[in-house]
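Just so it is clear, the values below take in all heavy atoms, side chains as well, and ignore hydrogens, waters and symmetry mates. Given the structure is predicted, the values throughout are model-derived calculations rather than measurements.
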Amino acid sequence: MVLEMKNIKKSFGDVEVLKDISLAVDTSEVVSIIGPSGSGKSTLLRCATFLETIDSGEISYTGTPAVTTGADGKAEYVGPAELRKAKQHFGLVFQNFNLFPHYSVMKNITDAPINVQKRDKDEVFAEAEELLRKMDLSHRADAYPCQLSGGQQQRVAIARALAMNPAILFFDEPTSALDPELTGEVLKVIRQLAEDKMTMVVVTHEMPFARSVSNRVIFMDGGVIVEQGDPEEVFGNPTQERTKQFLKNYQQ
């Protein structure tokens with residue numbers, strides 16, 4: 001099991017955003033999380049990647065706990081060194097790319113593997129060149145983010161995440177900032193990663209994509225998992241009324 005999240009609770013002030021959510025992701029599994037705005041999807045990803053702290057629950061990567069719940073019922077995080085190790089297990093691709101604007105494409109991809117993971121420079125550059133080839137961006141290695149289209153920037157962001165050799169990749173609405181043509185470029189890359197058996201969790205509003213690429217679809221609403229299962233079951237024959245209402249808004 002690459003990721004296990006158990007009984008996750010998260011509030012912002014008086015607003016309970018995640019209500020006792022549990023989620024497990026196995027090796028090579030592609031899990032899509034769908035649901036209306038404000039349902040807690042992005043918050044769940046931010047908690048999984050330690051960008052937000054949970055109030056209570058457990059988070060483990062590859063069987064090693066990163067967060068547990070203490071006797072007082074509150075979340076307890078491991079120390080800084082152990083947390084750094086846990087962060088090595090995942091990569092995160094944001095909706096707004098989050099590239100370093102003053103770094104070239106190549107430096108955006110190679111900086112963390114060289115300076116954070118302390119890996120051999122020649123090896124890192126060779127891997128980065130291969131990643132850029134896969135992203136169809138070999139010709140843009142020396143360009144800066146401002147010189148790229150949104151779709152190209154997102155593909156660089158994916159390459160940057162992959163350069164860390166993560167066990168799992170998280171995508172937080174990776175196409176929401178893109179127009180339809182550029183959306184297709186990015187979804188094609190994610191589809192290829194799925195074919196290559198990359199373990200992924202994708203928060204998305206692209207329903208046909210979620211249906212065709214995922215091993216499992218999770219429908220969230222109001223901070224809970226309303227329904228989950230095989231994509232064909234969830235999209236073609238949902239059991240919960242709330243899921244049916246939500247999917248009515250989308251062409252199947």
**Prompt:** Between Phe170 and Tyr61, how do the two ring planes meet: parallel, tilted or perpendicular, split at 30° and 60°?
**Reply:** perpendicular

**Item:** Evaluation steps, ring-ring contact (aromatic ring centres under 6.0 Å, His included), between Phe50 and Phe90
**Value:** CA-CA 11 Å; Phe50 312 129; Phe90 60 78; 5.7 Å; yes

**Asked** Charged N to carboxylate O under 4.0 angstrom, Arg119 versus Glu123?
**Response** yes

**Asked** What distance separates Thr49 OG1 from Leu3 CG, expressed to the nearest 0.5 Å?
**Response** 10.5 Å

**Request:** Let me know which of Asp196, Val189, Ile190 forms a side-chain contact (heavy atoms from CB on, under 4.5 Å) with Gln192.
**Result:** Asp196

**Asked** Centre of Phe12's six-membered ring, under 6.0 Å away, within 45 degrees of the axis: is that where NZ or CZ of Lys10 sits?
**Response** yes

**Prompt:** Are the side chains of His102 and Tyr144 in touch, meaning some heavy atoms are under 4.5 Å apart?
**Reply:** no

**Item:** Interatomic distance, Leu182 atom CG to Arg155 atom CZ [nearest 0.5 angstrom]
**Value:** 8.5 Å

**Fill in**
Here the pair of heavy atoms bringing Gln147 nearest to Arg140 is O-NH2, 2.7 Å

**Asked** Salt bridge or not for Asp20 and Lys9, using N-O below 4.0 Å?
**Response** no

**Pair Lys19 + Glu16, salt bridge at N-O below 4.0 Å** = no

**Prompt:** Considering all heavy atoms of both residues, which atom of Leu178 and which atom of Gly151 are nearest to each other, and what is their separation?
**Reply:** CD2-N, 3.6 Å

**Rounded distance [0.5 Å steps], CD in Gln153 versus CZ in Arg160** = 10.5 Å

**Min side-chain heavy-atom separation Leu148-Val105 under 4.5 Å** = yes

**Request:** State, with a plain yes or no, whether a side-chain heavy atom of Leu18 is found less than 4.5 Å away from one of Met220.
**Result:** yes

**Message:** For Glu181, is the CD atom crowded, meaning more than 12 foreign heavy atoms sit under 6.0 Å from it?
**Reply:** no

**Request:** Give, for atom CD1 of Ile21 and atom CD1 of Ile225, the distance between the pair rounded to the nearest 0.5 Å.
**Result:** 5.0 Å

**Complete:** Between Ile109 and Ala163 the two heavy atoms that sit nearest each other are O-CB, 3.6 Å

**Prompt:** Going by heavy atoms in the side chains, are Ile33 and Val201 under 4.5 Å from each other?
**Reply:** yes

**Prompt:** So which heavy atom on Lys197 is nearest to which on Ser28, and how close?
**Reply:** O-OG, 3.3 Å

**Prompt:** Any donor and acceptor pair, going by atom type alone, linking the side chain of Lys41 with main-chain N or O of Pro36 inside 3.5 Å?
**Reply:** yes

**Message:** To check you understand the geometry: which heavy-atom pair defines the closest contact between Val234 and Gly229, and what is its length?
**Reply:** CG2-N, 3.6 Å

**Message:** Please evaluate residues Phe125 and Met106 with respect to the criterion side-chain contact (heavy atoms from CB on, under 4.5 Å), reporting the C-alpha separation (whole Å), side-chain torsions for both, the decisive distance (0.1 Å), and the verdict.
**Reply:** CA-CA 8 Å; Phe125 274 97; Met106 182 58 83; 3.5 Å; yes

**Check: Phe235 ring centroid to Phe219 ring centroid under 6.0 Å** = no

